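Given the structure is predicted, the values throughout are model-derived calculations rather than measurements. Residue numbers start from 1 in every chain, and the chains themselves are labelled A, B, ... in the order their sequence lines are given, proteins ahead of strands.
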Amino acid sequence: MIHASLGAITDVAIEWPSLADIVRTLTLRAGYNTTVVIVGAALLGLAGGIVGTFALFRRRALVADALSHAALPGIALAFMVGVALAGHGRSTPLLLAGAAAGGIAGLLAIHAIARWTRLGEDAAIGIVLSVFFGFGTVLLGLIQGMSTGKEGGLKTFIYGQTAAMQASDAANIGAIAIASIILVSLLLKEFRLLCFDETFARAQGWPTNTLDYLILAMVLVVLVVGLQAVGLLLVVAILIIPPAAARFWSDRLDRLLWIAGGIGLAGGYFGAAASSLLPRMPAGAVIVLTSGLFFLVSMAFAPRRGLLAAAARRFVLRFRITRDHVLRAMLELKELVEPSIAADPHAVIRHAGASPLSGRLAILLARSQGLISRSTDGITLTPRGLENALRVVRNHRLWEQYLMHYAEIAPSHVDWSADLVEHVLDPSLIADLEKALSDDAERSGLPPSAHPLTARGRP
Amino acid sequence: MTLLHPPQPLPSTISTLPEHSEHSPLSIHAVTVAYQRKPVLWDVDYDAPPGQLIAVVGPNGAGKSTLIKAALGLIPIASGRVEMWGRPYPKVRSRVGYVPQRESVDWDFPVSALDVVCMGRYRRIGWCRPIGRSHRAAAMEALQRVGMIEYADRQISQLSGGQQQRVFLARALAQEADLYFMDEPFAGVDAATEKAIVDALRNLRSSGKTVLCVHHDLQTVSDYFDSVVLLNMRIVAAGPVSEVFTHENLQKTYGGRLTLLSTAAEAIARDTGRSS
């Protein structure tokens, strides 16, 4: 929609719907057609989320994208066949069959390139996706030049035309959603094994290729019914976004499936409702954007796997480490000078190797926890602070022991910096190391530490 | 397979191999495996003695994992055949357990430790059926045997490398097999896991199972295993550890690389001797 003058850009007024309209639409009372579209889009999202979960874990996201693009030449050829045989090509079953055939051809092409050449699957996908889509576009051009004249709305397959959804379409999508739920419930165990450990599945004698093709067949079916609604450019989103968002909320495949289905359902429902309320917004794009919003929220705010939660955990850990370094630094400074003399906070922070700001915050934290007390002369360790500092020193020595004893058999653990160890090792290992530490000390005649060390760091 | 270039024949001081027997849990008959044009295993002939812990030892790229994968039909065999108890593998699948390399899967996959161990029961459960209570109990017992029972509900990415390895072992135990193939179960594990695995292996042996284990740590071969296969594309020597695991045979298996290895091993032995 291009407006006549540049000044009019501020006039691109979206006609905001009234609250009553919104409620009516969301409660499916905004007329038959709108209701059909919303229900159909929601069911499509449900099927997409469930089927897409396996596509995602089998790492078939890009393959699915290539399949949807490869559908275009299939659709165009089917249209031409229809014109040749019946004089017109606008038969939906024929076009969808063409789309499926195009997708299968694309899939075979990817397999062939990946198998018989030294190119990787990613290159094969890139080639097939673009070549098939290009071929389809050329065919559309040919169709426009054909004597029958019009290309008969084939372009709607590219961007989708949700509003044109019929009740029978919605019913078909519903049947597909139910079928995929049944299939997934029956084969959950088999698919789980295939996605997690294909090698073990094959060694156990499961027909992994058949199971793989079954997943791809479900993907293809969802893609083909989704083409009309969402368009082939965006349809892959209904398969990939819901499970990707759901992954942030659960660590269990069975729960994750339902969450993905739910996110897909909500994306279709709210997306289709929004686009019917905002008439100039293409529904396919709005549905995808709504799902994208769910993804963003999940990625940012999910309680354990979300980015904010992870950042908070890292922050807390670093803060605790800085605090421990400050305690240790105070202990060491007191050793150097004289006990019971208050330390200069700046010197402590410098000695701890902390930045001024984080060092100050760490001192504040330690004071609030009663580990450090402050007087006019400076800061001193409280008895509890001393106990903590001793424990930190002890753990650092244990870490040195750990590296000396276990470095060669536990390479996965040596990436940790020595500063992190006390937050990582489990108590039983620490007990072993303590024994080694005291044995070592006996043999070498060196004291293990300037401080008596016991299991809890209590002098 | 005219594309294959046979390797230089090795000096034939190879210890005599046992006769192929119908009762051997694993008989490998003249197996050759090739990736692209490069042979990885050349004319391998081996009969596993029943009821023993067997280490497969050899340098990197010697075809140790390939041997296991070929036996399990995971990669095609160019020539030769593999039999278990005198029958082809597909006929005796239910009697064979498998521990793949830990790195071969994505440990961020959304399943718990118990879910993974249950996978060892899937074949018994069969198509389309849910995991029943008895199978879950068997999986829990397998977790118990590797000391991982308290981690049953833990998501697998939250386990340490050694704990993940124990979960893989528990899955194989849950298969309740008579012959086990294990691909580097000791790779990169902590001391507690190493002990748990050794205990589990000894338990298997005492109940008459046969275990074929790809192993990389030459120092522990004589402690952990009864029998050893020295492999470098072909079998250099195979038999009881006490007879076959000699410096001379290792030299043949590893070639010049052993000197480097043994210096490192001696250094480590010195270190551990001093500190423990």
Side-chain angles (χ1 to χ4, degrees), chain A residues 53 57 59 118 182-183 185-190 192-208 243 246-247 249-257 259 304-305 401-402 404-414 424-426 428-429 432 435-437 439-440 443-444, chain B residues 68-69 72-74 89-90 93-94 96-101 104-112 115-116 118-123 125-131 154-158 160-162 168 171-172 175 181 183 186-194 217 264 268 271-272 274-276:
Chain A
T53 301
F57 285 118
R59 304 189 187 285
R118 283 166 177 265
I182 291 173
L183 198 61
S185 309
L186 283 174
L187 291 175
L188 177 60
K189 178 170 105 274
E190 287 78 4
R192 181 196 284 133
L193 177 59
L194 176 72
C195 292
F196 174 62
D197 194 346
E198 187 197 350
T199 316
F200 187 78
R202 276 171 55 209
Q204 271 202 330
W206 295 100
T208 51
R247 185 67 190 90
W249 298 98
S250 180
D251 274 338
R252 290 299 144 79
L253 186 62
D254 39 4
R255 266 174 251 160
L256 202 147
L257 271 168
I259 297 172
R304 285 200 311 108
R305 294 180 67 99
Q401 281 289 321
Y402 179 73
M404 275 155 46
H405 286 265
Y406 294 112
E408 80 270 21
I409 59 161
S412 58
H413 279 124
V414 296
V424 183
L425 292 188
D426 67 281
S428 67
L429 187 53
D432 282 354
K435 195 174 166 302
L437 189 62
D439 290 353
D440 243 16
R443 205 171 312 114
S444 63
Chain B
I68 286 186
K69 286 185 178 153
L72 293 173
L74 297 171
Y89 172 59
R93 271 188 221 280
S94 61
V96 179
Y98 177 39
V99 180
Q101 282 189 20
S104 65
V105 302
D106 170 15
W107 288 93
D108 199 40
F109 192 72
V111 285
S112 68
D115 289 337
V116 173
C118 282
M119 290 175 187
R121 310 290 298 178
Y122 281 8
R123 207 59 238 197
I125 297 168
W127 280 98
C128 302
R129 311 232 312 247
I131 303 160
R154 194 75 76 88
Q155 204 265 324
I156 51 172
S157 67
Q158 287 158 26
S160 74
F168 256 21
R171 181 176 68 175
Q175 288 183 279
F181 292 94
D183 204 340
F186 291 104
V189 301
D190 54 275
T193 297
E194 182 140 348
D217 183 9
I268 292 167
D271 259 15
T272 42
R274 203 174 45 210
S275 59
S276 63

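- Comparing L74(B), L72(B), V105(B) by heavy-atom pairs within less than 4.5 Å of chain A, the highest count is held by L74(B).
- The closest side-chain heavy-atom distance from Q175(B) to Q204(A) is below 4.5 Å.
- Heavy atoms only, all atoms of each residue included: R202(A) and R93(B) are closest at O-NH1, 3.7 Å.
- Interface remark: V99(B) contributes no atoms to any contact with chain A (heavy atom separation under 4.5 Å).
- The shortest side-chain heavy-atom distance between R252(A) and D115(B) falls under the 4.5 Å cut-off.
- Residues forming a salt bridge (Lys or Arg N to Asp or Glu O under 4.0 Å) with E198(A) (at least two apart in sequence, or on another chain): R58(A).
- Shortest non-hydrogen contact noted between R192(A) and Y122(B) is NH1-OH, 2.8 Å.
- Ranked by non-hydrogen atom pairs under 4.5 Å with chain A, the options D108(B), I131(B), T193(B) are led by D108(B).
- Within the 4.5 angstrom heavy-atom criterion, only side-chain atoms of Y89(B), from C-beta onward, approach chain A.
- The candidate with the highest count of non-hydrogen atom pairs below 4.5 Å against chain A, out of G120(B), A192(B), G73(B), is G120(B).
- Taking the side chain as every heavy atom from C-beta outward, K189(A) and W127(B) never approach each other to under 4.5 Å.
- Atom OG1 of residue T199(A) and atom CD of residue Q101(B) lie 10.0 Å apart, to the nearest 0.5 angstrom.
- In this structure, no portion of P90(B) lies under 4.5 Å from any heavy atom of chain A.
- The aromatic rings of Y98(B) and F200(A) lie parallel to each other, their planes meeting at an angle below 30°, with 60° marking the opposite boundary.
- Put simply, CG on L193(A) and CZ on R171(B) are 7.0 Å apart, with the number rounded to the nearest 0.5 Å.
- For F168(B), the ring pair (Phe, Tyr, Trp, His ring centres under 6.0 Å) partners at least two apart in sequence or on another chain are W107(B).
- Looking at L253(A), the atoms closer than 4.5 Å to chain B (heavy atoms on both sides) sit in the backbone and in the side chain alike.
- Between R304(A) and Q158(B) the shortest heavy-atom distance is NH1-NE2, 3.2 Å.
- In this structure, OG in S104(B) is found 5.0 Å from CG in D197(A), a value given to the nearest 0.5 Å.
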